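The structure under discussion appears below in the form of structure tokens.
Order of the sequence lines sets the chain letters (A, B, ...), proteins ahead of strands, with each chain counted from 1. As the structure is a computational prediction, the values presented were derived from the model and not from experiment.
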Amino acid sequence: MRAIPSANREPRPGAASPVPLIATRAVAKHYGAVRALVGVDFVLAPGEVVGLVGHNGAGKSTLMNVLAGTVQRSSGAFCYDGAEIGAWGAREAQACGLRCIFQELSLCANLSATENTRIIHASLRGLGWRRRARALITAALDDIFPGHGIDPDRKVAELAIGERQMVEIARAFTQTSVPVRGVILDEPTSALGHTPTEQLLAHIRKAAADGIACILITHRLNEILAVSDRVTVMMDGAAVADRPAAGLTRSDLVAMMGSIEAHGGTGRAIGPAADGAIVVDHPGRDGADRPICVRRGEIIGFAGLDGHGQRDRLRAIYAATSDVPVAYVAGDRGAEGVFPLWSIADNLTIRSLKALQRGGFVVPGAARALAEQWAARLKVKAPDVDTPILSLSGGNQQKVLFARALASDAQVVLLDDPMRGVDVGTKQEVYALIRAEADKGRSFVWYTTEMDELSNCGRLYVFREGRVVEEIPGAQINHARILEASFGGAQTGASHG
Amino acid sequence: MSLRLAPWSYGFLVALVMWVATICYSGTGSAIPTLSSALVFAAFSVVVGTGQMLVIASGPGNIDLSMPSVLTLAAYASMSIMGGSDAMVLPGLLLAVAVGAVAGMLNYLAITALRLPPIIATLAWSFVFQSFAFNLGGEATLKPPAALSEFTLWSIGGIRVLPVAVMGLTLLAVLVLKRGVGGRQLLAVGQSERAARLAGISVGRVRLVAYTLCGMSAGLAGFLLSGFSGGAALNMGDTYLLESIAVVVLGGTSVAGGQANAIGIWGAALFFNLMATMLNTFQMQAGIRFLLTGALIILIVAIVPRPKAG
Amino acid sequence: AEGTATGDTSGKKIAFSNSYAGNSFRQVMIKSFEAAAAKAKADGKIAGSAVVSSNNSVTEQASQIQNLILQGYDAIIVLAGSDTALNGSIKEACDAGITVVAFASGVTEPCAYVVDYNLDSYAKAELDFIASKLGDKPANILEIRGMAGDGFDKRLNEGVNKALAAHPSYKKVGEVYGQWTGTIAQKEVSGVLPSLPQIDGVLTQGGDGYGAAQAFKAAGRKLPIIIMGNRQDELALWKKEHDATGYETFSLGATPSVSQVAFWVAQQILAGKQVPKFVEVPLLQINQPDLDAWLKTVPEGGVVNAEYPQDLVATIIDANVAKAPLPMVPAPK
Amino acid sequence: MADTALQRRPRLTSALGSALQIGLPAATLIAMLAVIFWIRPSAMSYFGFTLLFKFAVPLMFAALAQMLVIMLGDIDLSIGSFVGFVTCVAALYLDEAPLLALVILAASIAVYAGVGLLIHVRQLPSIIVTLGMSFIWLGAAVTLMPGPGGTAPRWLVAFMSWKPPFVPLPVLIALLTALIGHLVISRSSYGAVLRGAGANPRAVERAGWSVRTIRCAVYAAAGALACLAGLTLTGLTTSGDPNVAPAYTLLGVGAVILGGGAFTGGIVSPVGTVIGALTLALAGSLLSFLQVPPTWQIGAQGAILFLVLAGRILFSEHRS
Ligand SMILES: Nc1ncnc2c1ncn2[C@@H]1O[C@H](COP(=O)(O)OP(=O)(O)OP(=O)(O)O)[C@@H](O)[C@H]1O
Ligand SMILES: Nc1ncnc2c1ncn2[C@@H]1O[C@H](COP(=O)(O)OP(=O)(O)OP(=O)(O)O)[C@@H](O)[C@H]1O
Ligand SMILES: O[C@@H]1[C@@H](O)[C@H](O)OC[C@H]1O
Ligand SMILES: [Mg+2]
Ligand SMILES: [Mg+2]
């Protein structure tokens, strides 16, 4: 279904074409005193895949928003397809075939995938529009995510978060009257499971071969290395490095980003935990399910394919645990994590009010001290703790949510895929922090969609079809074993190369 | 940008303008009496508004349309039990507040148990509460004990006690919202129910408390108002339906929830009273009064700078 | 035919469509109707009755009248929430052969019988009383009106303006809307009072005199002549002031039992009596000498009321036909 | 892949859900009619339907106007007094100076659009802006017409008392408006954009639409529907009255909610709203059939409201 633009098809990976699709010069964006972009030069050739990396708050999303016309640059020049662009809004971007998958989901949850497809296509109207829209989105989904199983007529609100992400990605590649020239993907994989991620990466390469330029932002550096022709690194609002991807290694990337990946940090927290007191003992929902038991100081991982009941089980444990204090770190920070009207300090201390109060009233000095202490420990990038949380980058918001749990009296911390959008350097620090806290006697139950993270765990529960199907002790944790359990033994996915 | 007024101060500012306009029209001699009368009537609006504010702050869509009928019902109940006897004033107060509390709980119960939007649930309850008042002797105005009337009119050294007492209530609300654990929890719930739940806050309990306190404030207002105005009458609460909402919103509380401003209610309540006074003083025609009232309300919300979310 | 018509109405049903029940005046009005209807039923004069109140919503009242038509009532008495907005429904009822008696409202649909006070004379009596006390000296008048947009208020206000023309030395210096409610009258009057000169007389519509007096007292002003209405608290305050300072005023008001007049008018029409399209009802007037006697008949906080039995209503109808003076509501012994 | 396929709930549930959404208010309506017909069998006739539902016609339009505003995540507290204003304009001028009447109505629709614009540009809470507007419309109406009066044009009265063959007029109008509303809001391609704009304006904006234009247009459409409410009401009452319809504001909200709408924006059903309006109109009259004692009548209204809406518990579970 995906038509290919006849012109500009010049699949020359890595090389800048004579007429770049996008070229910016000294683009800057200020929010009051905050300088989100300080002067970015950025080029994207037709059919090229550029990987964009950088620490949280580096300005990646801001740059993408400028390109997509949803944020107006404060200064700087912007050329699209060789033409100097003055006013550039979402409408112009759409009309020129530039699509963007934003970091936060941008679908209308009350509409179906079909209707959401209509939203981005002005020409999908008149009699039979619904049939045409359904055909378009279905074809795109089938093309990118074969076997996706998504009903295009279901309300998006009823889809799982991964399914929504798939719909939004597929929608960006649908095409009607205007040929798709470029697609920006701002952390598209953070909500995707393993298989859809692989499928997407494959599709990006295919699209590039068809002449569609892509920008991919992700903190999973392997993904960048897997698909990019070129890698651009951003730091503190500027593009600081730009290299062909060929020959780059993961550690090269990390070095370019200015943080050194902590090695040897994969030591597992098995030791002292095993004989600690039981803090969570949660029965399975039926005979086929298994009980979950967590001891003091343990780090427990929830593995399995995305959306197989891990999150529901976390919620159930959260609801059922009342004898020890428990905290929950949500991955869906927009809907379940942040209090949007509040500052960092207010957001950070809300879980600890009981400890900070005297006679029903919060002691201001104590609250502030706690907030400052933990914001510093997690290196939250902000002028001070009175900064409104929404003006932080996605990853920094996530750090505040982490700090909220760690600063509290919780003995058990439930982690619901909490590293979504957190940059590599910070991740390593947080891993270390979790292990340190576990050593002090806190327990963690950690659901993650990132296989690598499971290596931090002392023990895993693997989920399939809503139930725990296997428990893997620390010594036996490895990729193959997890996949085997996730797929139910025999049919270990050949598709997972 | 440096000279930026707090959103809640606009009500006071406009109220001040109305006050000055009234004085200009009718002479400086009217300045103090006009203000003093506005303060007293504003005090009733503030009691009701403070309750409404708690509910509105508890999350988008939360609102209590039953306040006028709760106010009336509580007034009827307490006037009945006091039977005009000074000795019964305290039980009367307790009963009025208790009736309000029960009404608030019933409101919240209908909202959660029947999953109704608050605007509908509280409207339906308001009909029921009104019926109860009809049956508590609606053919007559129930008279208050003398001690209660005297209290509501009491002044020390020319200063009316009632508004000052209500200012104390406002300060308490400010403190609780800013520093109180309950206040923080309320504002958290108001911003994001799901995030609040996952931050260990008992969402149901917080909202229940908000509705209960709202009912209690209606009960208190009914008690005081019947002392002040010579008894409980069936339609005594009518004016507080829209006013309770308007003073909250004009006072700088966000209808989207999660943010509340107790001091601003005073500004807005003074604005409402002084506006009525001004329009009455200018002897405007009824139609023009309505037009100006509407235009001023819109003007105030439109000029107040509001915090951008997102 | 003079006197009470005696045609057989024992099989007839009469309904009362009321626009609003939310104040004590209306509550007493409903009770008065129910009492008369219950007695009539016991006496075999009607077969049944019903009361339906809408919640101050004209559209709801209109559709309730439609339903009363459907239920087969023979007569409907209507206290209309609007002088004109019920016309469509009333016409429909008339067309279905139903007797419609609109009361205490200026319904304009010609097929309906109207039972109402003469609001011009209401206003005239108020000003005449003030003139009897103050003479022709210049005086400042404050008018407390009912509700903006309401028909009763509009007609009474027109009467006030006519009556004021007859007293050129009087100046209306203020006007507020008290909505026939003590609390609201008190609030509105308190608001304007500081900016008003000395007030000599206050015109009211009933239910608002007590609130006005409270406002004057709170402002530390001398009580002007406040025409009192039909509420007990108004009379009680008057008496208290009279006992203390010799304060004199008088009370004028609508009686809630006007619903009984409408009821009997409807019954009489069904019984075959010739009734004019407009039946004027006397206002209830209380003068200083009768004050104590009236006060004794009213429960504390209640509304002054009078009984209108069948024969008295027939007399009122006859007086209307004969253009004779209406029988006054007699003071209690 | 298996990992997502398994999450899929059968499509049937979804379809059943939306059928239930319409079915519930419809069932409530039928139940109430059954009570009335049981008390008064003669009401089950062409004449009976006409009498029972006549006054539901303007309420229906007012509710649909409210629905459009709720669709955007807003609320309109001014509809009731706007309808009153329209009846005054219609009763004063429509007969004698029809052009003037049309100009005033067109201008007031433009004011509605302006309110939408103001709310959008200044990001104001609709609840308070429209509260202010309610005073403005009332003031305008009282200025035009200090008390009830005027006369409706004959053709309007004639239309509202027209007796079409077989189907009573109110039923006919209800069917037509429900159908048109369904086609425009629930089926058309622009309907999808409008509902999307209510639920996630940012997403729609990012797709290149101007949510500002959408808001203006939808408010204007709401104004136009409210004009229809005022005109049909004038035809029924044969006159104008500033205070005729304050109840339409909240009744309209009730109808939208009863019909499956939600305040979150983007979730509305025109068919449900029409049924909701019919139901609430009937709820008011049910009382007169039930012979509830006067002091409990208003309480009974509340109880009926609870009963009518309580059905929502049955299916709202799976939505949360
Ligand atoms: N609306 C805003 N108001 C104020 N500051 C903002 C706003 N949006 C972004 N910023 C600031 O701009 C900087 C860049 O943010 P941006 O979201 O582009 O980072 P990012 O590279 O996408 O980070 P992440 O990887 O965490 O998503 C941050 O410091 C952020 O705090
Ligand atoms: N995850 C959820 N999503 C949506 N609604 C929920 C969720 N959890 C609970 N609810 C509903 O929200 C309402 C109030 O919340 P809840 O039951 O959590 O109160 P609570 O916080 O447990 O109060 P308490 O601890 O005092 O019982 C209830 O009707 C409940 O069924
Ligand atoms: O006092 C009366 C008021 O209560 C009623 O509603 O209308 C007429 C007035 O005289
Ligand atoms: Mg970002
Ligand atoms: Mg990120």
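In this structure B:Phe129 satisfies the ring-ring contact (aromatic ring centres under 6.0 Å, His included) test together with B:Trp125, sequence neighbours excluded.
Heavy atoms closer than 4.5 Å to chain D are found in the backbone of B:Ile303, but not in its side chain. If you measure heavy-atom distances from B:Ile119 to chain D, the contacts under 4.5 Å come from the side chain alone. For D:Ile128, the parts sitting under 4.5 Å from any heavy atom of chain B are the backbone and the side chain alike. Interface residue D:Leu131: only side-chain heavy atoms are found under 4.5 Å from chain B.
Side-chain atoms of D:Arg215 do not come within 3.5 Å of backbone N or O of D:His120 as any donor-acceptor pair. The backbone N or O of B:Ala269 sits less than 3.5 Å from a side-chain atom of B:Asn273, completing a donor-acceptor pair.
Close approach to chain B, defined as a heavy atom under 4.5 Å from one of its heavy atoms, is seen in D:Ile75 of residues 67-81 of chain D, taken by number.
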Per-pair distances, 0.1 Å, donor-acceptor, side chain in residues 62-75 of chain B, under 3.5 Å, sequence neighbours excluded:
| unit_1 | atom_1 | unit_2 | atom_2 | d |
| --- | --- | --- | --- | --- |
| B:Asn62 | OD1 | B:Tyr211 | OH | 2.6 |
| B:Asn62 | ND2 | B:Gly59 | O | 3.2 |
| B:Asp64 | OD1 | B:Ser66 | N | 2.7 |
| B:Asp64 | OD1 | B:Ser66 | OG | 2.6 |
| B:Ser66 | OG | B:Asn107 | ND2 | 2.9 |
| B:Ser69 | OG | B:Ser66 | O | 3.2 |
| B:Ser69 | OG | B:Ser126 | O | 3.2 |
| B:Thr72 | OG1 | B:Pro68 | O | 2.9 |

Side-chain donor-acceptor distances from residues 141-148 of chain D under 3.5 Å, at least two apart:
| unit_1 | atom_1 | unit_2 | atom_2 | d |
| --- | --- | --- | --- | --- |
| D:Thr143 | OG1 | D:Gly139 | O | 2.6 |

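A 6.0 Å sphere centred on CZ of B:Phe132 holds no more than 12 heavy atoms belonging to other residues, nucleotides or ligands.
By the 30° and 60° cut-offs, the orientation of the rings of D:Tyr219 relative to D:Tyr112 is tilted.
Among B:Ile120, B:Asn135, B:Leu250, B:Val255, the residue with the largest count of heavy-atom pairs under 4.5 Å with chain D is B:Asn135. Between chain B and the residues D:Ile298, D:Leu305, D:Leu118, D:Val253, the largest count of heavy-atom pairs under 4.5 Å involves D:Ile298. The candidate from B:Ile297, B:Val128, B:Ile298 with the greatest count of non-hydrogen atom pairs under 4.5 Å with chain D is B:Ile298.
Salt bridge absent: D:Arg212 and D:Glu205 never bring a charged side-chain N and a carboxylate O closer than 4.0 Å.
For the atom pair OH of B:Tyr108 and OG of B:Ser58, the computed distance is 8.5 Å after rounding to the nearest 0.5 Å.
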